[in-house]
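Heavy atoms only: backbone and side chains are in, while hydrogens, waters and symmetry mates are out.
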Amino acid sequence: MNRLADELGFIVAYPRQTQAANQQRCWNWFRPGDQTRGQGEPALIAGVAHEVIATERADAGRVYVAGLSAGGAAATIMASAYPDLFAAIGVHSGLACGAARNLPEALTAMKKGSRRRQGPPSASFVPLITFHGDRDGIVNEANAGEIVEIATAATGVPLTVHTEAGTAGGRRYRRTLSRDSAGRLLIEQWTINGAGHAWSGGDPAGSHVDARGPDASRAMLRFFLAHENTAARS
């Protein structure tokens, strides 16, 4: 992401969880107090975004959030809680907002997917790109389908869906594109064959990374830069 920031000219901020808040330093995406606007972790992450916009004089209409695993779940929560702040979101190996409301439910959702089907309370749609490995043993691939299902319903418009297959970095993938009647790409879902719980095409020096496969970071930035939130600028 740092290299892409230099190449494409954007600012990247990395909010960090403390070990005091979560033993594994993961976002507490399954706690009700950390799933809504104006409180808990969503308020803190939104505060980071607002601070960066103010101090760096960033374009308020081009603010995006992305994450892996618990960070991916946090991204879906941010889209639900702050649809006015983000122009698009990226979710890698994550879970839908409302997939769980306690730790036992979280473990079940991670293993099997969730049946809550809880869409954003605001009913606002935020453009979405997802990545998930079909051999993910930590967060079941079914969760990506649930995220896309909720987002599709939130668009409130008929979508044309097209699926294509390809190979990148030695891994095959399936890419499903959902467009509105004007041809605008609103939802993009990537399924990586043989990939586990790791960021596709990431830097091998990092953690939870699969250096093989399509470059999720570049794909997300390409998707993000095609979307802007003009209302946020006012």
Taking [atom1] in [X] as the centre, count heavy atoms belonging to other residues, nucleotides or ligands within less than 6.0 Å. Is the count above 12?
| X | atom1 | result |
| --- | --- | --- |
| E51 | CD | no |
| R233 | CZ | yes |
| R222 | CZ | yes |

Honestly curious: do [X] and [Y] fall in one hydrophobic cluster under the side-chain, below-4.5 Å linking rule?
| X | Y | result |
| --- | --- | --- |
| F223 | W199 | yes |
| L186 | I147 | yes |
| L185 | I187 | no |
| L85 | L44 | no |
| L225 | M220 | yes |

When you measure from the side chain of [X] to the backbone of [Y], do you find a donor-acceptor pair of N or O atoms at a distance under 3.5 Å?
| X | Y | result |
| --- | --- | --- |
| D134 | E141 | no |
| E105 | R101 | yes |
| N102 | R31 | no |
| D136 | N140 | no |
| R135 | G194 | no |
| T18 | A21 | yes |
| S217 | G202 | no |
| H132 | V139 | yes |
| E228 | V63 | no |

To the nearest 0.5 Å, what is the distance between [atom1] on [X] and [atom2] on [Y]?
| X | Y | atom1 | atom2 | result |
| --- | --- | --- | --- | --- |
| I11 | T55 | CD1 | OG1 | 7.5 Å |
| I129 | L221 | CD1 | CG | 9.5 Å |
| D34 | W29 | CG | CH2 | 12.0 Å |
| T155 | R179 | OG1 | CZ | 14.5 Å |
| T152 | I150 | OG1 | CD1 | 10.0 Å |
| H92 | S200 | NE2 | OG | 5.0 Å |

Is there a donor in the side chain of [X] and an acceptor in the side chain of [Y], or the other way round, less than 3.5 Å apart?
| X | Y | result |
| --- | --- | --- |
| H197 | S69 | yes |
| E41 | Q17 | yes |
| R62 | Y64 | yes |
| R174 | Q189 | no |

Show your reasoning for whether side chain to side chain donor-acceptor pair (under 3.5 Å) applies to T176 and T163. CA-CA 4 Å; T176 301; T163 299; 3.1 Å; yes
Given side chains that start at C-beta, do those of F86 and M78 come closer than 4.5 Å, heavy atoms only? yes
Among residues two or more places apart or on two chains, list those pairs meeting ring pair (Phe, Tyr, Trp, His ring centres under 6.0 Å) that have a residue in residues 156-182. Y173-W190
Among all residues two or more places apart in sequence or in another chain, which pass the side chain to side chain contact (heavy atoms under 4.5 Å, CB included) test with D203? R3, A205
Going by the rule side chain to side chain contact (heavy atoms under 4.5 Å, CB included), which residues pair with D210 if we only count those two or more places apart in sequence or in a different chain? R171, A195, A198, R212
